[in-house]
Amino acid sequence: MADQFNEGLVARETGTQLVKRGLAEMLKGGVIMDVVDPEQARIAEDAGAVAVMALERVPSDIRRDGGVARMSDPEMIEGIKAVTTVPVMAKARIGHFVEAQILQALGVDYVDESEVLTPADEAHHIDKWAFTVPFVCGATNLGEALRRISEGACMIRSKGEAGTGNIVEAVRHIRSIRGDIRRITQADSAELFDWAKKLQAPLPLVQEIAETGELPVPLFCAGGIATPADAALVMQLGAEAVFVGSGIFKSDDPATRAKAIVEATTNFRDADILAKVSRGLGPAMPGLEIGTLDTKLADRGW
Amino acid sequence: MPAARVGVLALQGAFALHVRALARLGVDAVEVRTPAELAGVDALVLPGGESTTMSKLLESQQLFEPLAERLAGGMPALGTCAGMILLSREVLDGRADQRSFGAIDIAVRRNAFGRQVDSFEADLQVVGLPEAPVHAVFIRAPIVEEVGEGVEILAQVEGGRPVACRQGPVVVTSFHPELSPDLRVHELFLRELAA
């Protein structure tokens with residue numbers, strides 16, 4: 001449809017880092033919601049989601065059901081793409097570059113190389129530079145984040161512990177990443193070599209952080225957000241947007257809760273508004289103690 | 001005369017990049033999330049982001065009506081990408097309930113270039129910025145499909161489709177000047193304020 005005026009622009013380039021990171025910039029201050037069918041996608045968009053993550057089972061169900069969790073059926077992803085105007089993301093298994101190739105062919109807007117699915121490779125993440133579609137990857141600490149960025153990730157989300165409705169791991173990870181960024185800005189040039197060694201991360205990325213005080217790509221937060229207060233907590237700790245997985249559609253009143261989390265993310269420093277939007281949401285998802293888990297998803301990836 | 005106070009709509013999206021771009025030009029912009037903050041500014045930047053999300057938040061923050069009134073009253077505004085959609089007269093391929101301000105007499109089509117894999121950067125000639133092309137970044141960008149009388153087209157892509165327009169004190173772009181170090185589109189807008 002639009003091709004007749006797309007072509008012919010001088011030096012038109014797709015899939016550049018600027019274009020890939022640019023979409024992440026546009027999602028800042030927003031809520032990305034896990035959805036498993038078109039109906040949930042509609043509810044998410046109606047509530048003000050900036051993007052939806054299309055997957056077959058939300059993490060809490062993956063955790064309950066066990067077995068191998070894989071990329072979603074393309075038919076299901078296309079069904080969700082057909083009903084929503086916001087960006088659609090989908091998950092590929094860690095290291096499963098063919099699932100990522102398929103997702104790119106389907107025209108998804110962002111690929112999440114995700115620890116929520118069962119890893120396909122125990123040594124290698126996907127070479128994300130080889131793709132036009134941008135990637136988001138999880139990280140529990142700054143070293144992991146920088147390794148993913150060196151592989152071409154254009155957005156990092158702190159992992160938290162998906163499917164638990166328990167914010168404690170998300171807090172640990174976002175504090176760890178932001179804390180190390182702050183400490184690196186205080187380091188002298190000789191100490192940066194040691195930081196790179198300690199983080200097992202490329203020196204130029206460490207030097208870039210020392211100079212800018214920022215991660216080179218947007219830093220979002222995921223894994224355990226169940227309430228508006230949870231979203232505002234991680235935003236105050238330095239997340240630039242939030243992913244909510246099981247927290248919305250495993251609660252009693254998803255539409256109301258989703259809208260409340262959207263408003264909390266925009267007004268994350270305004271306690272009066274947070275108090276207002278936290279009222280009358282009905283029960284949140286029940287949630288799990290981290291100590292009782294058989295599998296910690298955050299341990300997947302390295 | 002005191003300098004104009006510039007606000008950046010900060011409900012969602014790339015508002016911090018606009019604040020940074022304006023700061024580089026010596027303008028101390030304020031983030032606008034509430035009617036009280038809106039009342040304190042003389043001009044407003046509407047950033048890129050998700051236009052559907054911003055529409056919802058304009059309602060829930062009770063900003064839609066006051067902002068519509070200010071724009072009807074001639075407040076200067078710069079809208080980039082989603083901001084352009086919000087300022088337009090008509091939104092094509094939007095949601096049925098999507099509202100826009102009609103501050104500039106254009107009809108825009110959302111996601112007109114395709115999905116994210118079709119997002120691109122390119123050099124673009126912009127009217128009023130003759131010295132060099134602007135390096136423009138288009139992210140799931142909208143395009144202007146119809147232009148009313150009194151709207152000046154500032155830039156076009158192949159086929160003559162407008163991607164930057166001005167009507168009175170309102171400037172809109174399909175692309176994201178806040179993503180590039182080139183500050184001339186922001187300067188062009190600030191010149192409107194001084195005029």
Side-chain angles (χ1 to χ4, degrees), chain A residues 1-31 45-51 81 84-89 104-111 131-134 240-241 259-260 262-263 265-267 269-270 273 277, chain B residues 10-17 33-34 47-57 59-61 80-82 93-95 97-98 109-125 133 135-141 143 156-161 163 175-176 178-180:
Chain A
M1 64 175 184
D3 288 339
Q4 76 274 11
F5 59 89
N6 268 350
E7 288 164 19
L9 263 178
V10 186
R12 179 176 173 276
E13 283 188 283
T14 57
T16 61
Q17 283 295 294
L18 189 54
V19 162
K20 290 173 169 180
R21 293 180 187 183
L23 180 56
E25 294 288 342
M26 298 311 137
L27 301 175
K28 281 185 178 176
V31 182
E45 187 178 313
D46 283 346
V50 287
K81 274 174 59 194
T84 183
T85 65
V86 299
V88 174
M89 302 186 178
Q104 174 167 286
L106 290 172
V108 306
D109 296 297
Y110 241 94
V111 173
F131 288 79
T132 306
V133 69
E240 296 177 303
K259 185 166 184 288
V262 168
E263 289 179 37
T265 303
T266 290
N267 299 289
R269 284 202 189 88
D270 189 327
I273 294 180
V277 304
Chain B
L11 301 177
Q12 189 272 316
F15 55 85
L17 292 178
R33 291 186 183 80
T34 64
E50 273 308 310
S51 63
T52 53
T53 303
M54 285 192 231
S55 297
K56 301 279 171 197
L57 287 162
E59 301 282 352
S60 59
Q61 303 286 109
T80 61
C81 196
D93 289 345
R95 289 168 54 95
D97 62 352
Q98 188 160 5
R109 185 172 302 283
R110 288 183 65 199
N111 303 337
F113 293 90
R115 304 198 68 92
Q116 172 61 16
V117 288
D118 306 306
S119 292
F120 64 99
E121 47 184 300
D123 287 335
L124 207 60
Q125 289 297 334
H135 192 69
V137 186
F138 294 79
I139 310 280
R140 286 170 46 95
I143 201 158
Q156 304 174 332
V157 289
E158 189 71 11
R161 308 269 193 131
V163 290
F175 55 91
H176 292 281
E178 75 277 17
L179 281 177
S180 108

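In what follows, chains are A, B, ... by sequence order, proteins preceding strands, each numbered from 1.
- The most heavy-atom pairs under 4.5 Å with chain B, out of A/Thr132, A/Val31, A/Val19, A/Thr265, come from A/Val19.
- For B/Ser119, the parts lying near chain A are the backbone and the side chain together; criterion is any non-hydrogen pair under 4.5 Å.
- With contacts defined as side-chain heavy-atom distances shorter than 4.5 Å, the pair A/Val262/B/Leu57 qualifies.
- B/Asp93 is linked by a salt bridge (Lys or Arg N to Asp or Glu O under 4.0 Å) to B/Arg109, counting only residues two or more places apart in sequence or in another chain.
- Summarising the geometry of A/Val86 relative to B/Arg115, their closest heavy-atom pair is O-NH2, 4.3 Å, with the distance given to 0.1 Å.
- Taken to the nearest 0.5 Å, the OG1 atom of B/Thr53 stands 9.0 Å off from the CG atom of A/Leu27.
- Looking at B/Arg140 and A/Pro87, their side chains come closer than 4.5 Å, going by heavy atoms from C-beta outward.
- Contact of the B/Arg33 side chain with the A/Ile273 side chain is not registered, since no non-hydrogen atoms from C-beta on lie closer than 4.5 Å.
- By the salt bridge (Lys or Arg N to Asp or Glu O under 4.0 Å) test, A/Lys28 pairs with A/Glu25, A/Glu240, sequence neighbours left out.
- Options B/Ser51, B/Gly49, B/Ala136 differ in how many heavy-atom pairs under 4.5 Å they form with chain A, and the most are formed by B/Gly49.
- A side-chain donor-acceptor contact under 3.5 Å links B/Arg110 and A/Thr85.
- If you measure heavy-atom distances from A/Val88 to chain B, the contacts under 4.5 Å come from both the backbone and the side chain.
- Ion pairing of A/Arg12 with B/Asp123 is absent here, as no side-chain N (NZ or NE/NH1/NH2) approaches a carboxylate O to less than 4.0 Å.
- Salt-bridge formation is not detected for the pair A/Glu263/B/Lys56: no Lys NZ or Arg NE/NH1/NH2 atom is positioned less than 4.0 Å from an Asp or Glu carboxylate oxygen.
- Neither the backbone nor the side chain of A/Ala51 comes within contact range of chain B; no heavy atoms are under 4.5 Å apart.
- Both the backbone and the side chain of B/Leu11 come within contact range of chain A, judged by heavy atoms closer than 4.5 Å.
- With hydrogens and angles ignored, the 3.5 Å screen pairs no side-chain donor or acceptor of A/Thr14 with any backbone N or O of B/Phe120.
- With hydrogens and angles disregarded, no donor-acceptor distance shorter than 3.5 Å links the side chain of B/Glu121 to the backbone of A/Gly15.
- The nearest pair of heavy atoms linking A/Met26 to B/Gln12 is O-NE2, 2.7 Å.
- Between the CG atom in B/Asp97 and the CG atom in A/Asp46 there is a gap of 7.0 Å [rounded to 0.5 Å].
- Among the candidates A/Gly30, A/Gly107, A/Ala241, the residue making the largest number of heavy-atom pairs closer than 4.5 Å to chain B is A/Gly107.
- Here the CG-CG distance, from A/Leu23 to B/Leu179, works out to 10.0 Å after rounding to the nearest 0.5 Å.
- Only the side chain of B/Val137 comes within less than 4.5 Å of a heavy atom of chain A; its backbone N, CA, C and O stay farther away.
- A heavy-atom distance below 4.5 Å is found between the side chains of A/Asn267 and B/Gln61.
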